[in-house]
Amino acid sequence: MVGDLTNGPRPGAGFAPLSMPELPEVETTRRGLAPAVVGRRIAAVSIYDRRLRWPVPRALERNLAGRAIDALDRRSKYLLFRLGGDTLIVHLGMTGSLRRYPAAPRRSPHDHVDVLLDDGSTLRYHDPRRFGAILWVAGDAAGHPLLASLGPEPFDPHFDAESLYRETRGRRQSIKQALMGNHLVVGVGNIYASESLFRAGIRPTRAAGRLTRRDAAALVDTVRSTLADAIARGGTTLRDYVDSRGEPGTFQFDCAVYDREGLPCPRCATAVRAVRQGGRSTYFCPRCQR
DNA sequence: CTTTGCACCTGTTGGC
DNA sequence: TGCCAACAGGTGCAAA
């Protein structure tokens with residue numbers, strides 16, 4: 001906070017829109033954008049920086065100009081803009097944001113792409129770490145390599161206790177890493193993996209194959225309830241996440257264990273512990289989670 | 001096949 | 001105050 005007065009970004013520019021999205025943040029962005037963009041036509045595209053996980057396609061402007069946006073869908077953490085039968089895929093990576101402005105705002109560092117719509121509004125893609133992606137797919141993107149091998153959506157009936165139990169048999173990988181693998185279920189990133197496992201009373205380090213049927217059933221429920229609660233709160237803002245209007249989420253205030261090492265478990269008051277799994281921080285209550 | 005670790009990047013933070 | 005290592009919400013990919 002104090003730092004804002006000394007080395008904060010240019011005064012007046014205020015907040016630099018960064019974001020690090022798990023599914024709730026992507027869904028919040030989708031819900032914020034959809035009413036304003038669906039039915040609109042793309043008037044122009046400006047590309048300022050093609051460097052993302054993969055280079056922004058050279059043909060993007062030619063592909064998009066004049067096209068109408070028929071729908072804005074989400075698959076896992078990918079946003080899917082439907083244009084006729086074709087698809088624009090947008091992934092926000094760790095620090096990407098997609099914001100809508102009524103009129104084109106001033107450029108700032110790390111702005112990559114502007115999409116000008118026929119009502120004069122601008123969609124701006126901004127991504128400092130450049131882990132995100134913007135891809136063009138001729139046709140429905142369901143068969144695209146990035147989407148083809150994804151597991152079920154968390155709210156899809158196909159994600160259920162029986163299949164989770166079956167899919168984890170024989171797996172030695174920790175349940176936390178398995179949950180984040182986008183194969184058992186999609187959209188559960190580092191924050192919500194810890195939170196879902198806390199709610200289910202399962203220790204993150206337990207081998208996935210050691211889940212009982214009861215555990216699997218509990219985990220399906222808590223993955224859903226955790227994600228639903230986070231969506232209802234507009235996502236989690238730990239540092240900089242903002243939605244399509246620049247508003248932060250508030251789920252961080254509901255986190256039971258994430259980023260709370262040493263603080264009391266909200267259920268039993270035992271100190272929350274932190275460990276590292278696959279290079280990522282994991283948080284859990286050593287008493288409530290076995 | 002499963003699992004692990006690295007790689008891609010910039011920006012912020014905390015410890016010395 | 002300054003410097004530097006560690007870390008940050010994702011995930012594709014090579015290698016074991």
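In this text the structure is predicted, and so the values were computed from the model without any measurement. Chain naming here is simple, since letters A, B, ... match the order of the sequence lines and numbering starts at 1 in each.
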Would you say A/Arg276 reaches C/dA8's phosphate, i.e. side-chain N/O to OP1/OP2 under 4.0 Å? yes
Please report the distance, rounded to the nearest Å, between CZ in A/Arg169 and P in B/dT2. 14 Å
Measuring to OP1 and OP2 of C/dG12, would you say a side-chain N or O of A/Tyr78 lies under 4.0 angstrom away? yes
At less than 4.0 Å, is any side-chain N or O atom of A/His183 found next to OP1 or OP2 of B/dT2? Yes or no. no
Between A/Thr236 and A/Tyr192, is any side-chain donor less than 3.5 angstrom from a side-chain acceptor? yes
Using a 5.5 Å cut-off between ring centres and planes within 30 degrees, is A/Phe131 stacked on the base of B/dC8? yes
Give me the distance, rounded to whole Å, that separates B/dG5 from C/dC7 when you measure between the P atoms they each carry. 15 Å
Within the structure, does a side-chain N or O atom of A/Ser281 lie under 4.0 Å from either OP1 or OP2 of C/dA8? yes
Integer-rounded Å distance: C/dG9 C1' and A/Arg233 CZ: 19 Å
May I ask you to evaluate whether A/Asn182 reaches the phosphate of C/dT11, defined as a side-chain N or O under 4.0 Å from OP1 or OP2? yes
Length of the CG-P vector between A/Leu52 and B/dC9, whole Å: 11 Å
B/dC9 pairs with, by Watson-Crick or G-U criteria that keep both distances under 3.5 Å: none
P atoms of C/dG12 and B/dG11, separation to the nearest Å: 24 Å
Using the side chain to side chain contact (heavy atoms under 4.5 Å, CB included) rule, pick out the option among A/Leu98, A/Val56, A/Ile47, A/Asp114 that qualifies with A/Tyr125. A/Leu98
Provide, to the nearest angstrom, the distance between the CG atom belonging to A/Asp259 and the C1' atom belonging to B/dT13. 12 Å
Between the side-chain atoms of A/Arg129 and the base atoms of C/dA8, is any donor-acceptor pair under 3.5 Å? yes
If you draw the axis of the six-membered ring of A/Tyr48, does the NZ or CZ of A/Arg107 fall within 45° of it and under 6.0 Å from the ring centre? yes
OP1 or OP2 of C/dT11 less than 4.0 angstrom from a side-chain nitrogen or oxygen of A/His91, does that happen here? yes
Atom-to-atom span, CZ of A/Arg172 to C1' of B/dC1 - whole angstrom: 13 Å
Are A/Arg169 and A/Tyr165 in a cation-pi setup, meaning NZ or CZ lies under 6.0 angstrom from the ring centre and within 45 degrees of the ring axis? yes
Taking C-beta and beyond as the side chain, do A/Ile69 and A/Ile42 meet within less than 4.5 Å on heavy atoms? yes
Hey, does A/Phe251 reach any base, or is it just sugar-phosphate, or nothing, if we go heavy atoms under 4.0 Å? nothing
Scan A/Arg51 against the nucleic acid and name what it touches under 4.0 Å (heavy atoms): base, sugar-phosphate only, or nothing. nothing
Rounded distance (Å) that lies between atom C1' of C/dA8 and atom OH of A/Tyr258: 7 Å
Under a 3.5 Å threshold, yes or no: a donor from one side chain and an acceptor from the other, between A/Asp111 and A/His126? yes
Identify the nucleotide, in any strand shown, that forms a Watson-Crick or G-U wobble pair with C/dG9, with both distances under 3.5 Å; if there is none, say none. none
If you measure from the P atom in B/dT12 to the same atom in C/dT11, how many Å do you get, rounded? 23 Å
Report the nucleotide, chosen from C/dG10, C/dG12, B/dT3, that has the shortest atom-to-atom distance to any side-chain atom of A/Asn190. C/dG10
A/Ser174 and A/Arg206: side-chain donor and acceptor closer than 3.5 Å? no
Using a heavy-atom cut-off of 4.0 Å across all strands, would you classify A/Arg130 as base, sugar-phosphate, or nothing? sugar-phosphate
With respect to the phosphate group of B/dC9, does any side-chain polar atom (N or O) of A/Arg53 fall under 4.0 Å of OP1 or OP2? no
So does A/Arg280 get a side-chain nitrogen or oxygen closer than 4.0 Å to the phosphate oxygens (OP1/OP2) of C/dG10? yes
Is the phosphate of B/dT3, meaning OP1 or OP2, less than 4.0 Å from a side-chain N or O of A/Gln173? yes
Roughly, in whole Å, what's the span from NZ in A/Lys176 to P in C/dT11? 13 Å
Roughly how many Å is it from CE in A/Met94 to P in C/dT11, rounded to a whole number? 10 Å
